[in-house]
Amino acid sequence: GNQPCRLVFPLTAEAAANGLLSFVGHADTAFLLLVVGQNPVDDAKFLGFLCGKGARKQDCGKIYVLNHQGVHIEKHDIQNAKEEWEKVNAAKDKAEAELSSLYKKAQAENSKSSTDIIRAQMVMLEDEEYYKTIRRKIEDDGYNAEYAVFMTGEDFSQSLESLEDIYLRERAIDVRDITARLLKCMRDESHETEGFTEPVILVAEDLTPSETIAFDKSMLLAIVTMHGSVNSHTAILARTMGIPALVDTDMELDRMVTG
């Protein structure tokens with residue numbers, strides 16, 4: 001089963017710069033331990049759930065903290081609803097091309113879980129109700145394109161998150177992923193993931209499905225996230241990729257330092 005895990009990390013930048021996160025485990029327990037030099041740092045302990053393969057001594061490396069920058073979407077008056085709708089369609093075309101490229105990457109890696117997730121997002125990108133809602137917000141409510149996409153994504157994801165079925169609740173992150181991709185395409189921003197120069201243990205608030213798939217697997221020793229569950233895409237992909245992952249971890253990301 002999925003066992004509670006202990007996460008231990010340093011409270012100072014100096015400790016983090018000299019520290020290594022190591023997965024350590026045996027038959028009946030598993031935990032994440034931060035080591036500074038030869039000494040474990042145990043003044044901060046947090047629980048999470050281990051997914052993916054069993055921990056090994058060699059799963060040891062430096063922390064890389066992935067901080068997602070929050071996107072502030074402003075509502076403003078529009079002059080031409082048709083032009084706003086055309087922005088949505090142009091972004092949709094770009095997003096389709098990006099997902100198609102990611103799908104080919106997953107196929108080349110022979111990853112069924114990854115291809116299934118991307119295929120589902122490609123279908124979601126074509127969802128009629130999603131685009132009808134965006135169009136209504138533009139034409140009837142006078143929303144600018146970005147705000148209409150953002151609010152539609154929020155409406156749809158919150159509706160899913162309110163459901164009792166845990167599987168359906170987890171699909172809310174797909175909606176947020178698609179919405180974020182559309183917004184980045186509108187702004188001509190890159191949706192590419194971070195590139196690492198050495199294998200790392202990736203620490204983040206959460207990871208979107210497409211982010212997880214896009215990472216170079218050879219550079220990921222392990223994944224640690226504040227959110228997610230054992231049924232989340234991150235957990236499913238970690239199991240498929242054979243990478244240890246600690247999800248739903250009770251930690252404060254701003255106290256973690258890359259190094």
Applying side-chain hydrogen bond (donor to acceptor under 3.5 Å, both in side chains), name anything that partners [X], two or more places apart in sequence or on another chain.
{"X": "Glu154", "answer": "Gln158, Arg176"}
{"X": "Gln121", "answer": "Asp174, Asp177"}
{"X": "Glu198", "answer": "none"}
{"X": "Asn144", "answer": "His76"}

Those residues that, when tested against [X], pass side chain to side chain contact (heavy atoms under 4.5 Å, CB included) (two or more places apart):
{"X": "Glu109", "value": "Lys105, Lys217"}
{"X": "Asp77", "value": "none"}
{"X": "Asp165", "value": "Tyr167, Leu168"}
{"X": "Arg136", "value": "Glu129, Lys132, Thr133, Asp140"}

Would you confirm whether Asp216, through its side chain, and Ser218, through its main-chain N or O, come within 3.5 Å as a donor-acceptor pair?
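Yes; judged by distance alone, with no hydrogens or angles, the pair exists.
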Salt bridge (charged side-chain N to carboxylate O under 4.0 Å, His left out) against [X], all qualifying residues, sequence neighbours excluded:
{"X": "Glu86", "value": "none"}
{"X": "Glu126", "value": "Lys92"}
{"X": "Asp127", "value": "none"}

Only counting residues at least two apart or in another chain, list the ones meeting ring-ring contact (aromatic ring centres under 6.0 Å, His included) with Tyr103.
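None.
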